[in-house]
*Asks:* 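Submitted below is the structure of interest, expressed as C-alpha cells.
Given the structure is predicted, the values throughout are model-derived calculations rather than measurements.
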Amino acid sequence: MPTRILLIRHGQSTWNAEGRWQGSADPPLSELGEEQARQAATRLLTDGDFDGVGSSHLRRAIRTSEHLANGIGAPMIGRHIGLDERHAGEWEGMTRAQIEEGYPGWLDADRRPPGYEQDDSITARATATLRTLGTAHPDSTLAIVSHGGLIGTVERGAGEPWRRLANLEARWFEIDGDRITPVGERVHLVDPEQETQPPAPKGYA
C-alpha cells in the first residue's frame, strides 16, 4: 500500500495578516493562526487515523503541526527543510504595494526578483523529501504541515494548474516508490472565510 500524506498549509502568520511576502522568512502564527490550528485538529479527528504529524522547519508550520499532533494524539515525526517555503529573494517581508513601488509592473508580468527560488528547485527538494517520508513510513497515513507555494508547485509538477491555497487548506498525496500522485480534491480544515489577508500572486505563502 502507498503512504498517504495530507500536505497542509500552515495557519495564518503575522505576516499573512499584514499581507507580507514570507518566502523562507520565519514569522510566527498570528492569534487567528493559533486558533485555526486548534480547529484543524478537531477536523482531522473526523478524517481517520493518522500515524504521525510532521512539518517544514519554519516555525509557522512547526507550531501548526504541534497543535495538530496534540489534538489528534499522533506522534511528531520530524521537521523537514525540504518542505520549507520557496525563497522569495528581495521580496521577503514586502507587501504587494511595496513590491509595486519598487518593481513596477513585475507582478502583472509574472517577473520575480533576484534570489527567487525557481519551480524546478522547489519541486526537486519537495519531491525528494516526500519520497523519503514514504520510504521511512510505509503503509502509513501522515499529516505534514508545509506552505502554499510549495504545495501548489508540487501540484503543478503533477500537471495541475496553479491555484492559491488558503490557510489550513490541504491536499492528499499518495507516495508509491518514486511516484507522487495527488488524490481527490483539496480539503479545507477550517472555514476559508476566516482569512483576512489580501489576495496574493502566484507563489505567495
Side-chain angles (χ1 to χ4, degrees), residues 7-38 40 54-68 78-126 129 144-157 162-171 186 188-190 192-205:
L7 203 54
I8 306 165
R9 187 185 176 203
H10 57 81
Q12 186 196 67
S13 73
T14 55
W15 280 16
N16 285 153
E18 296 170 359
R20 296 186 183 278
W21 196 301
Q22 294 178 124
S24 59
D26 202 17
L29 291 183
S30 66
E31 289 186 11
L32 175 59
E34 297 273 351
E35 177 59 27
Q36 287 175 326
R38 288 188 286 267
S55 72
S56 81
H57 93 306
L58 296 175
R59 59 179 169 168
R60 58 191 182 273
I62 294 170
R63 183 62 175 159
T64 302
S65 71
E66 291 171 345
H67 281 298
L68 297 182
R79 303 166 184 175
H80 307 277
I81 194 170
L83 298 180
D84 283 4
E85 186 55 287
R86 76 166 79 231
H87 300 281
E90 297 172 1
W91 289 0
E92 290 188 359
M94 297 176 69
T95 65
R96 188 181 186 110
Q98 289 169 336
I99 292 170
E100 289 288 3
E101 181 179 356
Y103 302 80
W106 280 42
L107 287 172
D108 287 342
D110 205 25
R111 295 178 64 187
R112 296 295 181 259
Y116 186 89
E117 185 178 8
Q118 299 302 309
D119 281 3
D120 56 354
S121 171
I122 195 171
T123 298
R125 62 179 173 83
T129 302
I144 306 294
V145 183
S146 184
H147 305 269
L150 182 138
I151 298 169
T153 303
V154 174
E155 288 179 321
R156 192 160 61 251
W162 173 266
R163 293 178 295 147
R164 182 182 173 277
L165 284 91
N167 292 118
L168 272 304
E169 190 173 1
R171 186 70 183 272
R186 289 179 179 174
H188 289 276
L189 301 183
V190 299
E193 295 300 319
Q194 289 184 13
E195 278 201 297
T196 58
Q197 65 197 71
K202 181 172 69 176
Y204 186 92

*Asks:* Which value, rounded to the nearest 0.5 Å, describes the distance between Asn167 atom CG and Leu189 atom CG?
*Replies:*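 It comes to 11.0 Å.
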*Asks:* Could you report the tightest heavy-atom contact between Ser65 and Gly54, atom names first, then the distance?
*Replies:*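 Closest approach of Ser65 to Gly54: CB-O, 3.6 Å.
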*Asks:* Would you sort out whether Leu58 and His10 count as a side chain to side chain contact (heavy atoms under 4.5 Å, CB included), showing the intermediate values?
*Replies:* CA-CA 10 Å; Leu58 296 175; His10 57 81; over 6 Å; no
*Asks:* By the definition side chain to side chain donor-acceptor pair (under 3.5 Å), identify the one residue from Glu18, Glu35, Gln12 that meets it with Ser30.
*Replies:*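 The single option meeting the side chain to side chain donor-acceptor pair (under 3.5 Å) with Ser30 is Gln12.
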*Asks:* Shortest non-hydrogen contact from Glu85 to Leu150?
*Replies:*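 For Glu85 and Leu150, the tightest heavy-atom pair comes out as OE1-N, 3.1 Å.
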*Asks:* Just so I know, are the side chains of Thr95 and Glu100 near enough to count as touching, which here means a heavy-atom distance under 4.5 Å?
*Replies:*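 A side-chain contact is absent here, since even the closest heavy-atom pair is not under 4.5 Å.
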*Asks:* For the atom pair CZ (Arg9) and CZ (Arg60), what is the distance rounded to the nearest 0.5 Å?
*Replies:*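 One finds 8.5 Å between CZ of Arg9 and CZ of Arg60.
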*Asks:* Just wondering, do Arg86 and His147 contact through their side chains at under 4.5 Å, heavy atoms?
*Replies:*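 A side-chain contact is absent here, since even the closest heavy-atom pair is not under 4.5 Å.
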*Asks:* With salt bridge (Lys or Arg N to Asp or Glu O under 4.0 Å) as the test, would you mind laying out the steps for Glu117 and Arg125 before giving the verdict?
*Replies:* CA-CA 11 Å; Glu117 185 178 8; Arg125 62 179 173 83; 2.9 Å; yes
*Asks:* Nearest heavy-atom pair of Ala37 and Leu168: which atoms, and what distance?
*Replies:*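 Nearest pair, atom of Ala37 first, then Leu168: N-CD2, 4.4 Å.
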*Asks:* What is the minimum heavy-atom distance between Gly23 and Ala88, and which atoms define it?
*Replies:*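 Residues Gly23 and Ala88, closest heavy atoms: CA-CB, 4.0 Å.
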*Asks:* Scan side-chain atoms only and decide if Ser24 and Glu92 contain a donor-acceptor pair under the 3.5 Å cut-off.
*Replies:*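 Present: a donor and an acceptor within the cut-off.
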*Asks:* Check whether any side-chain heavy atom of Thr129 lies under 4.5 Å from a side-chain heavy atom of Ile144, and answer yes or no.
*Replies:*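 Not touching, per the 4.5 Å side-chain cut-off.
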*Asks:* Rounded to the nearest 0.5 Å, what separates atom CZ in Arg20 from atom OG in Ser13?
*Replies:*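 Rounded to the nearest 0.5 Å, the CZ-OG separation comes to 11.0 Å.
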*Asks:* Any salt bridge between Arg163 and Glu169, counting N to O under 4.0 Å?
*Replies:*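 A salt bridge is absent here (no side-chain N lies under 4.0 Å from a carboxylate O).
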*Asks:* Looking at Ser56, is its backbone amide N or carbonyl O close enough to the side chain of Asp84 to form a donor-acceptor pair, meaning the two atoms are under 3.5 Å apart?
*Replies:*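 No: the side chain of Asp84 does not pair with the backbone of Ser56.
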*Asks:* Could you grab the distance from atom CZ of Arg38 to atom OG1 of Thr64, nearest 0.5 Å is fine?
*Replies:*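 Arg38 CZ to Thr64 OG1: 11.0 Å, rounded to 0.5 Å.
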*Asks:* In Å, rounded to the nearest 0.5 Å, how long is the span from CH2 of Trp21 to CG of Leu107?
*Replies:*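 Result: 6.0 Å between the selected atoms.
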*Asks:* Between Ser146 and Leu83 (side chain of the first, backbone of the second, donor and acceptor by atom type, cut-off under 3.5 Å), is there such a pair?
*Replies:*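 Between the backbone of Leu83 and the side chain of Ser146 there is a qualifying donor-acceptor contact (under 3.5 Å).
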*Asks:* Going by heavy atoms in the side chains, are Ile151 and Val154 under 4.5 Å from each other?
*Replies:*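 No, side chains not in contact.
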*Asks:* Which heavy atom of Ala170 sits nearest to which heavy atom of Ile8, and what is that distance?
*Replies:*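 So the two residues come closest at CB-CG1, 3.7 Å.
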*Asks:* Which distance, rounded to the nearest 0.5 Å, do you find between the CH2 of Trp15 and the CE of Met94?
*Replies:*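 That separation rounds to 11.0 Å.
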*Asks:* Do Arg156 side-chain atoms and Trp162 backbone N/O form a donor-acceptor pair below 3.5 Å?
*Replies:*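 Judged by distance alone, no pair lies under 3.5 Å.
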*Asks:* Walk me through whether Leu32 and Asn16 qualify under side chain to side chain contact (heavy atoms under 4.5 Å, CB included).
*Replies:* CA-CA 11 Å; Leu32 175 59; Asn16 285 153; over 6 Å; no
*Asks:* Given 3.5 Å as the limit, does a donor-acceptor pair link the side chain of Gln22 with the main chain of Pro27, or not?
*Replies:*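 No; judged by distance alone, with no hydrogens or angles, the pair does not exist.
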*Asks:* Looking only at non-hydrogen atoms, find the nearest pair between Arg112 and Trp91 and report the distance.
*Replies:*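 Taking every non-hydrogen atom into account, CD-CZ3, 3.7 Å.
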